[in-house]
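Report on one structure; see the data block that follows.
Atoms considered below: every heavy atom in the structure, side chains included; atoms not considered: hydrogens, waters and symmetry mates. By convention in this document, chain letters (A, B, ...) are assigned in the order of the sequence lines, proteins followed by strands, and residues within each chain are numbered from 1.
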Amino acid sequence: MDRSLNLLDLALGFDQQLLDPSPLSGKVVLIEDCVETSGSFVLHQVMKRVLSTNSSDALIFLAFARPFSHYDRILRKLGCNLAAQKTNNRLVFFDMLMMKCSDGEEIEDNVSAVAKLFREIQETVRKLRSLTNSNITVMVDDMSLLEIAATGSNSDRVLDFLHYCHSLTSETDCSLVILNHEDIYSSMERPAFLLHMVCLADVVIKAEPLASGLANDVHGQLIVLNKGISRSSRSKLQNFQFKIKENGIEYFYPGSRS
Amino acid sequence: MAAPNVRSSSFSRNISVVSSPQIPGLKCGPNGTTFISTGIRDLDRILGGGYPLGSLVMVMEDPEAPHHMDLLRTFMSQGLVNNQPLLYASPSKDPRGFLGTLPHPASSKEDKPTVPDPDQGESLRIAWQYRKYMENQKNAIDDYSNDFDMRKPLERQFLSGRPIDCVSLLDSSDLSVAQDYFATFLSKFPRNSSSIASIGRIAIQSFCSPLCDYSEKESDMLSFIRLLKSMLMVSNAVAIVTFPPSMLSPSSSKRLQHMADTLLSIKAIPDGDKELETLLTGYKDINGFLNIHKVARINTQAPVILEAKTFSMSLKKRRFLALECLNQAPVDGSSGTSYGTSGSCSGSSKSGALDF
């Protein structure tokens, strides 16, 4: 059991599965990255954790950034078959690549495309709940692209969407995992959207490049802030470095790599 | 350690069998991707083969350097030489006029910029019996990429009768017209798993130029690029978009950078900068800098770690675009001359000891 756990799993609380089989249930995880270092590998790892064979958790994936084939290939190398999980009803994949929000269609249906998307998610959660009683994770692979898709109509809609999704975590004990890009907001004076997300999040994972520049052995560092209060023994803020490989990710504390 | 290696290698072998390129100008890459050439051999080598199909390449312009045009020109010329359909959009009244400035491929052997250095010739003479194999190797990659003579305009045979579309971005007051145009162009290259029929190339110059009517609406531009990227992912095409980041708000510029699969930027080199002149060898030949911020990561999560991020752009023999790692000259003046000569005549691959 211990050998399959890495530092990120420990920071997320996956080491106490006897006490708490799904440590992320009812929680919001926010992954922040920047142009230099992509945080998508954290998504892949959480995906693999959720869909692992010794649990029966389900995953709802909203793909704004990449098509299914991309994730299928990556997860296959990590040892997880997405197509099979789809047929097992453990994965529901929403392809949102071509999502458009225009003001025109809004008048027809009297609901915006973002609201429609949330209703679909809600419906899917209900369906999955009737099938199984295990935890459901909702994952958004790039929140900033939803913002772009929705700003044609109204920017507040994305914030509403975020709050609706947050209500899922409290009502049905879903987990919410969101990837967003932090550096987009760094030039803004008061980035309401980012602040809201950080405020709602129970776990914030920040992927950053090394200050010392490019390196072959260390691809960057993660800062994990776990706001969970139940596990008081855990240190709240953790910092470790990573190296991304095709079939997994190596994590290590700074300076501890032989 | 051995077991996953074996599994991953057999995996990629299957894929390369399925999508072995039928038409020239394609190269199989890792993870089921296919590369097309950038038109600059050095850039192909640095990026690991070229631009992967289905990727969006963004180039950040420098208002003081026009070298993003060279990247566009070689990209377009390479497509025309390989008989690939091209769509070019720019904020000028007559975008077709730009085709007259495209470079011509260097045809004859003597024109090739790869003149062997004196010491390289030495090593060749030792292994002279292998020379024929090296020739073979050169011929094998020849139909993939060409060297372009930046001074010689592209001959008519490559322009007439070829499928070239030119769009002026000035005409459309909002981007929905342009978007439909791009969508119909890209619908000609659908991606299906069996084989690749043809490859499309899209070049957009100075996308966010203030000359365009839509330049006020940043959200429209962002959503245009987002949809372009989404369409590219399901088609056999590559789009290269240059944009001036200084014309955009910082957050929109960052959003564009995030959407890029491959992100490059151009930097002007200050003229007559004494400090830089002493630092870099071959300062006089350098026209500008090319920074590589992101290399496309399609179907994989492992990042490509380059040996350097910044490369100098220079014209070899005043004709051929070359990219080199920056060679830092030693501070000591006495040894500087000897280092300088050996550093300037060699590419980045050879002078590893001098790279910083």
Taking side chain as C-beta onward, heavy atoms only, is [X] less than 4.5 Å from [Y]?
X: Leu228(B); Y: Phe182(B); result: yes
X: Glu32(A); Y: Asp183(A); result: no
X: Arg191(B); Y: Leu53(B); result: yes

Could you check which of [options] has the highest count of heavy-atom pairs closer than 4.5 Å to chain A?
options: Arg255(B), Gln257(B), Lys294(B); value: Arg255(B)
options: Pro303(B), Ala260(B), Pro250(B); value: Pro303(B)
options: Met233(B), Lys309(B), Arg226(B), Arg297(B); value: Arg226(B)
options: His293(B), His258(B), Lys217(B), Lys254(B); value: His258(B)
options: Asn299(B), Ile305(B), Leu306(B); value: Asn299(B)

Practice prompt. Measure distances from Leu263(B) to the heavy atoms of chain A and classify the residue's part below 4.5 Å as side chain, backbone, both or neither.
Written response: side chain
Worksheet item: Hey, which of Gln45(A), Lys243(A), Gln241(A) is the one that makes side-chain hydrogen bond (donor to acceptor under 3.5 Å, both in side chains) with Tyr251(A)?
Response: Gln45(A)
Fill in: Contact winner vs chain B - His44(A), His70(A), Glu36(A), Met188(A), heavy-atom pairs under 4.5 Å
His70(A)
Fill in: Contact leader toward chain B among Asp33(A), Asn216(A), Ile184(A), where contacts are heavy-atom pairs under 4.5 Å
Ile184(A)
Worksheet item: Could you state the interatomic distance from OG (Ser265(B)) to CZ (Phe243(B)), rounded to the nearest 0.5 Å?
Response: 9.5 Å
Discussion item. Less than 4.5 Å to any heavy atom of chain B: does that hold for the side chain of Ser186(A), its backbone, both, or neither?
Written reply: neither
Discussion item. Please classify the contact between Phe41(A) and chain B as side chain, backbone, both or neither, with a heavy-atom cut-off of under 4.5 Å.
Written reply: both
Worksheet item: Any donor-acceptor pair under 3.5 Å linking the side chain of Lys229(B) with the backbone of Met259(B)?
Response: yes
Worksheet item: Should Arg90(A) and Leu59(A) be marked as a side chain to side chain contact (heavy atoms under 4.5 Å, CB included) after you check the CA-CA gap, both sets of side-chain angles, and the distance that decides it?
Response: CA-CA 6 Å; Arg90(A) 286 186 62 194; Leu59(A) 176 68; over 6 Å; no
